[in-house]
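Below: one structure, written as structure tokens.
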2 protein chains.
Amino acid sequence: MDQELTILKDYLKQKGLRLTPQRESILKAFIENEGHLEIEELFDRAKAIDSSIGIATVYRTINLLTECGLARENSLPNGKKFYERLFRQGHHDHLVCNNCGKIVEFEHPLIEQFQKDVALKHDFILQNHQMALYGICSDCKS
Amino acid sequence: MDQELTILKDYLKQKGLRLTPQRESILKAFIENEGHLEIEELFDRAKAIDSSIGIATVYRTINLLTECGLARENSLPNGKKFYERLFRQGHHDHLVCNNCGKIVEFEHPLIEQFQKDVALKHDFILQNHQMALYGICSDCKS
DNA sequence: ATTATTATTGATATTCATTATCAATAAAGG
DNA sequence: CCTTTATTGATAATGAATATCAATAATAAT
Ligand SMILES: [Mn+2]
Ligand SMILES: [Mn+2]
Ligand SMILES: [Zn+2]
Ligand SMILES: [Zn+2]
């Protein structure tokens, strides 16, 4: 939490923004969780720390956390977004169950390398990528 | 166009739905175009054929085309969707310019194979996947 | 400390893409 | 032609995310 807080502080200072109790509470709620959080879940967890926090502040703060590299934003085909920790956590992509919504993480360095090759070949400066495999998980098969 | 129309007809019949002039016009507008279409663009092209067509019918019809395998739906991080021909067109994924929005297609059979491997390893029945590489295109670099 | 400046907050209005509703219309089969 | 029922276009509704705004609080200056 200390390192993450420092990263946020530095980012805020650099942008001329301020560290507030709300932002600190939302960061804490976010960091405490290891999984994949939708906004409403993060809102609930933040309210458990400070019940007066508003949903608008949660949206604003998760955007700050994404900008400063502490959070990673993922979009689902249904138009919702979910967030997860990015700091000190290996890069990975996701398998998503089309039936129950379960999210499983995987890493594949070779795919990552090929993505870089493709970008290079097409003269793109690769900034980020987004890959998700959709299907039916083992639980839902049965 | 003939083969596509047959596919749509068969799908509609199988579902107990009807072929209408509107659906035929929207299919035509969709097929005529080789690129990546957002709904509003498809709407404009369909109106050029039949000016009385409503936007709701365009939404309804592109969903039908997606269901019967003639169209492929892609989501952008901004929440919009774009569509492209799927029938008799090789599978590919996309490079997207974060600056000008340009979309470049690429194929990488090895990545596709690895995706299948990953799904198998995690006991998922792979149904579809979604991969996009985001960055700065060669034009925008300069 | 006191004050001045300006970012922040929570509530709420707004936006924007997409879907739902509904009365009028028109396929399709007999 | 008739009957049944899917379809249409206009428009209302939805839902996630952002914009607005007056009140509040953090920071810097006095
Ligand atoms: Mn993850
Ligand atoms: Mn394409
Ligand atoms: Zn499942
Ligand atoms: Zn570009």
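Since the model is a prediction, treat every value here as computed from it, not as a measurement. Naming: A, B, ... by sequence-line order, numbering from 1 per chain.
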Atom pairs under 3.5 Å, N or O on each side, protein against nucleotides 28-30 of chain D: can you list them with distances?
none

N/O to N/O distances under 3.5 Å, protein versus nucleotides 18-20 of chain D:
| from | atom 1 | to | atom 2 | distance (Å) |
| --- | --- | --- | --- | --- |
| D:dT18 | OP2 | A:Asn63 | ND2 | 3.4 |

Within the sub-3.5 Å range, which N or O atoms of nucleotides 24-27 of chain D have a protein N or O partner, and how far apart are they?
| from | atom 1 | to | atom 2 | distance (Å) |
| --- | --- | --- | --- | --- |
| D:dA26 | N3 | A:Arg18 | NH1 | 3.2 |

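Between A:Gln130 and A:His94, the side chains place no donor N or O within less than 3.5 Å of an acceptor N or O (distance only, hydrogens not considered). At a cut-off of 3.5 Å, with distance as the only test, no side-chain donor of A:His92 or A:Glu107 sits close to an acceptor on the other residue. Under 3.5 Å, the side chains of B:Glu67 and B:Asn63 contain no donor-acceptor pair of N or O atoms. Judged by distance alone, the side chains of A:Tyr134 and B:Gln127 never bring a donor and an acceptor atom under 3.5 Å apart. For A:His36 and A:Glu41, the side-chain atoms include no donor-acceptor pair closer than 3.5 Å.
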Please step through salt bridge (charged side-chain N to carboxylate O under 4.0 Å, His left out) for the pair A:Lys80 and A:Glu38, ending with a clear verdict. CA-CA 8 Å; A:Lys80 279 192 177 180; A:Glu38 299 198 354; 3.5 Å; yes
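Bending across the helix from C:dA1-D:dT30 to C:dG30-D:dC1, expressed as the angle between its end axes from five pairs apiece, amounts to 30° (10° rounding).
First and last contacts of DNA chain C with chain B, using any nucleotide atom under 4.0 Å from a protein heavy atom and ordered 5' to 3', fall at C:dA17 to C:dA28.
Residue A:Phe30 comes nearest to A:Leu65 through the heavy atom pair CD2-CD1, 3.9 Å, listed as atom of the first residue, atom of the second, then distance. The shortest heavy-atom contact between A:Asn128 and A:Leu126 is O-CD1, 3.6 Å.
A salt bridge between A:Arg85 and A:Glu34 is present, with a side-chain N of the basic residue lying under 4.0 Å from a carboxylate O of the acidic one.
For A:His122, the ring pair (Phe, Tyr, Trp, His ring centres under 6.0 Å) criterion is met by no residue, not counting sequence neighbours. Under the side chain to side chain donor-acceptor pair (under 3.5 Å) criterion, A:Tyr59 pairs with no residue at all, not counting sequence neighbours. In this structure, A:His108 has no side chain to side chain donor-acceptor pair (under 3.5 Å) partners at least two apart in sequence or on a different chain. Applying the side chain to side chain donor-acceptor pair (under 3.5 Å) criterion to A:Asp123, with sequence neighbours excluded, gives B:Lys141.
Listed by residue number, B:Ser52 are the residues of residues 42-52 of chain B with a heavy-atom contact under 4.0 Å to DNA chain D.
Taking the nucleotide of DNA chain C with the nearest heavy atom to each of B:Lys13 and B:Lys80, the more 5' of the two is matched to B:Lys80.
Counting heavy atoms from C-beta outward, B:Lys102 and B:Asp139 have side chains that approach closer than 4.5 Å. Within the 4.5 Å cutoff, the side chain of A:Ile39 has heavy atoms near those of the A:Tyr83 side chain.
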Side-chain donor-acceptor contacts of residues 14-28 of chain A below 3.5 Å, not counting sequence neighbours, with atom names and distances?
| from | atom 1 | to | atom 2 | distance (Å) |
| --- | --- | --- | --- | --- |
| A:Thr20 | OG1 | A:Arg23 | N | 3.2 |
| A:Arg23 | NH1 | A:Arg18 | O | 2.6 |
| A:Ser25 | OG | A:Pro21 | O | 3.0 |

Can I get a per-line list of side-chain donor-acceptor pairs under 3.5 Å for residues 46-54 of chain B, giving both atom names and the distance, sequence neighbours left out?
| from | atom 1 | to | atom 2 | distance (Å) |
| --- | --- | --- | --- | --- |
| B:Asp50 | OD1 | B:Ser52 | N | 2.9 |
| B:Asp50 | OD1 | B:Ser52 | OG | 2.7 |

